[in-house]
Amino acid sequence: RRDPVHAHCHPDVLHMILDSNGSPVSSRKFANSAARSVLRGPTWPNWDAGVNELVPSFDRKTLSHLSRRLIFNRGIPKECIRQKATYSIGSAWLPKYEGPDQEPGRELSRWLSRVWFPLCDVRGKSSNWWSLLKEISIAMDRDGESFVVATETAGGFPKLQHLPSYLVQSDANIKEVESGEYAGLPIEDGVITNGMGTVVAYRVARDITKPYADFDDISAQNVYHLFDSAFPERNRGFPAFAASLEGLKNSFTSEQLELIRQMVVSSIYLTERTENGIDPNDPAFTQSWDERCGQDSPGLVSENVSPGIKQLVGGMHSFEHIKHENPGDIWSAFQDRVYSEAVTGAGWPPILLHMSGRQGTEIRAAQQRARQTIADRQSKILPFARWAIAFAMSRAWRGGFVNAQTSSALEWDFTMPARLTVDDGREAKSELEALQAGSLSMTQYQQNRGKTAKQHYMEVANDILDAIEVATEVSARSGVEIT
């Protein structure tokens with residue numbers, strides 16, 4: 001018997017599910033994205049765990065390996081990280097001492113720039129300080145990280161060795177160092193930490209074919225690890241394209257299939273239909289059917305017309321040309337979207353790779369974003385550069401390669417490359433006006449050009465000295481005084 005109190009209600013109301021308080025349970029949420037209903041789209045589980053559990057070492061290696069392969073084979077991602085490295089390093093990064101004892105600082109600067117920088121890489125004269133810094137930046141994006149080991153020659157000359165990131169690894173089933181100096185300490189993905197989580201050593205494979213049996217545990221004091229950290233508990237880096245590797249992989253596959261299709265289509269000049277058949281003894285023709293089925297069996301016959309072919313098939317006599325209709329604009333636009341998303345995720349404005357047809361305001365906005373990315377990359381490399389020259393000077397003093405010493409090893413800085421600009425004339429005019437108005441200092445003005453104010457004044461002074469020297473020489477030779 002129906003309850004008269006609820007007789008006016010919709011029948012569905014009488015069959016509602018109630019919670020513990022007797023209130024109807026509703027699937028509606030104020031935060032729509034928090035709804036857990038398949039009717040609203042795919043539902044993803046809530047994974048409340050550290051990134052080391054969510055992305056274990058095997059998955060990180062997979063991302064790194066795939067990133068290396070795609071960047072090696074794809075021009076746009078490769079150019080993206082190359083541009084970032086080039087604009088971040090350039091030909092700058094020369095040492096400058098800013099402490100009180102300038103004379104020994106200048107002597108050490110000369111030794112670093114003229115002796116150590118050209119020879120600092122263990123690979124020899126083909127690699128130097130600037131190529132090493134660019135490779136570090138590229139590895140940070142491509143592999144997700146970069147490892148540099150401080151070492152020295154038999155004669156004590158300081159050297160730097162850039163390690164491939166895949167050499168730093170450990171058995172995922174082993175959570176503690178079993179023996180040696182670091183026995184008992186936690187180890188995860190090749191990184192050994194102490195009880196506070198501080199990195200104390202790295203496990204480096206000597207033989208990649210048996211990395212878990214033949215390795216060295218190298219103290220963190222002799223290794224500098226560079227990576228863009230996004231998770232506080234993570235001690236390894238992820239490739240810059242990690243979020244878009246799946247799309248890039250599928251895009252690469254799609255392009256390969258389209259290239260194969262184009263090669264097939266391009267190799268066929270035309271199709272000729274003939275009702276009289278063909279001469280099977282003509283050496284210019286080849287048959288595609290099974291000879292055991294007889295010559296009257298249907299099949300494809302082609303005539304070699306180097307480098308393509310002409311197909312002959314049965315039927316009323318006619319000629320058909322093969323049309324090239326794919327890939328079209330939709331396919332190309334989708335490919336561009338995949339690459340644009342990938343490059344954006346790597347922190348680089350896509351329009352700097354394709355600037356044709358762009359508006360000036362859009363390009364300047366992209367330029368500003370690129371400058372911030374460059375500054376961020378330089379802020380990661382700067383501590384490494386200071387660590388590297390501190391190591392170099394300590395070994396140089398010990399080995400007698402240089403005698404000058406400064407009162408502080410913390411007063412070193414580096415010159416930076418010229419600031420990225422895509423509108424030199426407009427920006428140069430604006431900065432010159434600001435310099436003349438006093439709102440921009442000479443130091444700031446020269447920094448944007450990759451120099452220090454002191455270097456600028458030194459160049460001006462040398463120009464004056466050169467002019468005086470030439471005037472004196474010409475006056476003595478000609479007998480006419482030139483001032």
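Worth knowing before you read on, the calculation uses all heavy atoms, side chains too, and leaves out hydrogens, waters and symmetry mates.
By the ring-ring contact (aromatic ring centres under 6.0 Å, His included) test, Phe384 pairs with Tyr224, Trp387, sequence neighbours left out. Qualifying side chain to side chain contact (heavy atoms under 4.5 Å, CB included) partners for Val122, counting only residues two or more places apart in sequence or in other chains: Thr151, Lys159, Gln161. Scored by the side chain to side chain contact (heavy atoms under 4.5 Å, CB included) test, Arg337 finds no partners at all (sequence neighbours excluded). By the ring-ring contact (aromatic ring centres under 6.0 Å, His included) test, Phe414 is found to be paired with Trp93, residues two or more places apart in sequence or in another chain being considered. Under the rule for a side chain to side chain contact (heavy atoms under 4.5 Å, CB included), Ser430 has no partner lying at least two apart in sequence or in another chain. Listed by chain and number, the residues in a ring-ring contact (aromatic ring centres under 6.0 Å, His included) with Phe238 amount to none (sequence neighbours excluded). With sequence neighbours excluded, no residue satisfies ring-ring contact (aromatic ring centres under 6.0 Å, His included) with Phe391. Among residues two or more places apart in sequence or in another chain, the side chain to side chain contact (heavy atoms under 4.5 Å, CB included) test is passed with Pro211 by Gln169, Ala205. Residues satisfying the side-chain hydrogen bond (donor to acceptor under 3.5 Å, both in side chains) criterion with Ser137, sequence neighbours excluded, are Arg377.
The neighbour count for Gln221 CD, taken as heavy atoms of other residues, nucleotides or ligands under 6.0 Å away, does not exceed 12. In Tyr212, the OH atom is crowded: over 12 heavy atoms of neighbouring residues, nucleotides or ligands sit closer than 6.0 Å. Arg69 CZ: 12 or fewer foreign heavy atoms inside a 6.0 Å radius. Within a 6.0 Å sphere centred on CD of Glu341, other residues, nucleotides and ligands contribute 12 heavy atoms or fewer. Shown here is Ile330, whose CD1 atom has no more than 12 heavy atoms of other residues, nucleotides or ligands within 6.0 Å. Within 6.0 Å of atom NZ in Lys61, more than 12 heavy atoms from other residues, nucleotides or ligands are found, so the atom counts as buried in its surroundings. Within a 6.0 Å radius of CG in Asp329, no more than 12 heavy atoms belonging to other residues, nucleotides or ligands are found.
Between Glu98 and Trp412 there is no side-chain heavy-atom pair separated by less than 4.5 Å. Looking only at side-chain heavy atoms (C-beta outward), Leu133 and Ile381 come within less than 4.5 Å of each other. Between Trp348 and Asp141 the shortest side-chain heavy-atom distance does not fall below 4.5 Å. Looking only at side-chain heavy atoms (C-beta outward), Asp228 and Met140 come within less than 4.5 Å of each other. Within the 4.5 Å cutoff, the side chain of Tyr87 has heavy atoms near those of the Leu420 side chain. The shortest side-chain heavy-atom distance between Arg371 and Thr421 falls under the 4.5 Å cut-off. Residues Phe241 and Pro77 have side chains in contact (heavy-atom distance under 4.5 Å, counting atoms from C-beta outward).
Residue pairs that meet the salt bridge (charged side-chain N to carboxylate O under 4.0 Å, His left out) test with at least one member in residues 186-201, sequence neighbours left out, are Arg60-Asp189, Lys175-Glu188, Asp189-Arg234, Asp189-Arg236. Within the structure, side-chain hydrogen bond (donor to acceptor under 3.5 Å, both in side chains) contacts touching residues 106-119 (residues at least two apart or in different chains) are Glu103-Arg106. Residue pairs meeting the salt bridge (charged side-chain N to carboxylate O under 4.0 Å, His left out) criterion with at least one partner in residues 385-402, sequence neighbours excluded, are Glu152-Arg395, Glu152-Arg398, Arg386-Asp413.
Defined by atom type and a distance below 3.5 Å, a donor-acceptor pair is missing between the side-chain atoms of Gln262 and Glu258.
Both the sub-6.0 Å distance and the 45° axial angle are satisfied by Arg203 relative to the ring of Phe215.
The ring of Tyr202 has its center closer than 6.0 angstrom to the ring center of His225.
No side-chain donor-acceptor contact under 3.5 Å links Ser127 to the backbone of Gly124.
Scanning all heavy atoms of the two residues, the minimum distance from Gly156 to Phe401 falls at O-CE1, 3.5 Å.
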